[in-house]
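The next block holds one structure in the form of structure tokens; read it before the comments.
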Amino acid sequence: GQQLNQSPQSMFIQEGEDVSMNCTSSSIFNTWLWYKQDPGEGPVLLIALYKAGELTSNGRLTAQFGITRKDSFLNISASIPSDVGIYFCAGLNNFNKFYFGSGTKLNVKP
Amino acid sequence: DAGITQSPRHKVTETGTPVTLRCHQTENHRYMYWYRQDPGHGLRLIHYSYGVKDTDKGEVSDGYSVSRSKTEDFLLTLESATSSQTSVYFCAISVSGRETQYFGPGTRLLVL
């Protein structure tokens, strides 16, 4: 099936630092989504992107839909301990099927 | 939280036994999905439904069946559970099938 390559797999950062993660694919997507998952919980939607080039913010989070429609990135500014969790990207293709990246595990040291 | 509940939240069963997981939503969304989540694989689609009695297969549908007799309920059945089906199962909904998905809290299944 289609693959979303998400990187990095894990990150260890200091509180207050900025974080950047991205997803790439060999296929085009029409929608890019970013989710956060806490242990024992379901993924929670953070940001949705619907147009190539779109840049959207949600508080300290900013995400962009790549111009080629094959990639997206998520930035977190001034990280805090509650940012800890696993972040997933997801893409919706031309056949209305969603595909998910394998996740970026974020650890924040106070 | 999009009004999605899953039951049970945890289950331990033995190989060869049938298992049914339930997803319930309160907002009459048309599209419902079942995913499994395993380390290193992210979320993989098992089956989805685009209306009452309308379902289709996802990328990992072997060994699973689904039913949707009411808008609010989407059932996932493992006809004869195997150890490879040990996983965390998530239900999701979307309004039109072309936009964002919202997830339930998950069911952790262990097949011994």
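What you see below is based on every heavy atom in this structure, not just the backbone, and it leaves out hydrogens, waters and symmetry mates. Only a predicted model underlies this, so the values are computations on that prediction, with no experimental measurement involved. In what follows, chains carry the letters A, B, and so on, assigned in the order in which the sequence lines appear, proteins first and then strands, with residues in each chain numbered from 1.
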If you measure from OG on A/S102 to CG on B/D38, what distance do you get to the nearest 0.5 Å? 12.0 Å
State yes or no: do B/Y35 and B/V88 share one hydrophobic cluster built from I, L, V, M, F, W and Y residues joined by side-chain heavy-atom distances below 4.5 Å, directly or via other members? yes
For the CG atom of B/L45 and the CZ atom of A/F100, what is their distance to the nearest 0.5 Å? 8.5 Å
Do B/F103 and A/E41 make a side-chain contact, defined as non-hydrogen atoms from C-beta onward lying under 4.5 Å apart? no
Would you mind checking which part of A/Q37 comes under 4.5 Å of any heavy atom in chain B, side chain (CB onward), backbone (N, CA, C, O), both or neither? side chain
Tell me, side chain or backbone of B/Q101 under 4.5 Å from chain A's heavy atoms, or both, or neither? both
Quick check on B/R44 against chain A: is it the side chain, the backbone, both or neither that has a heavy atom closer than 4.5 Å? neither
Above 12 or not: heavy atoms from other molecules or residues under 6.0 Å from CD of A/E17? yes
Verify the cluster assignment for A/Y99 and A/F73: are they in a single hydrophobic cluster under the rule of side-chain heavy atoms below 4.5 Å apart? no
Would you give the length of the straight line joining atom CH2 of A/W32 to atom OG1 of B/T100, rounded to the nearest 0.5 angstrom? 16.0 Å
Would you say B/I4 and A/L45 are hydrophobically clustered, going by side-chain heavy atoms of ILVMFWY under 4.5 Å? yes
Taking atom CD as the centre, does A/Q9 end up with more than 12 heavy-atom neighbours from other residues, nucleotides or ligands that are less than 6.0 angstrom away? no
Could you see if B/L75 belongs to whatever hydrophobic cluster contains B/L78? Use Ile, Leu, Val, Met, Phe, Trp, Tyr and a side-chain cutoff under 4.5 Å. no
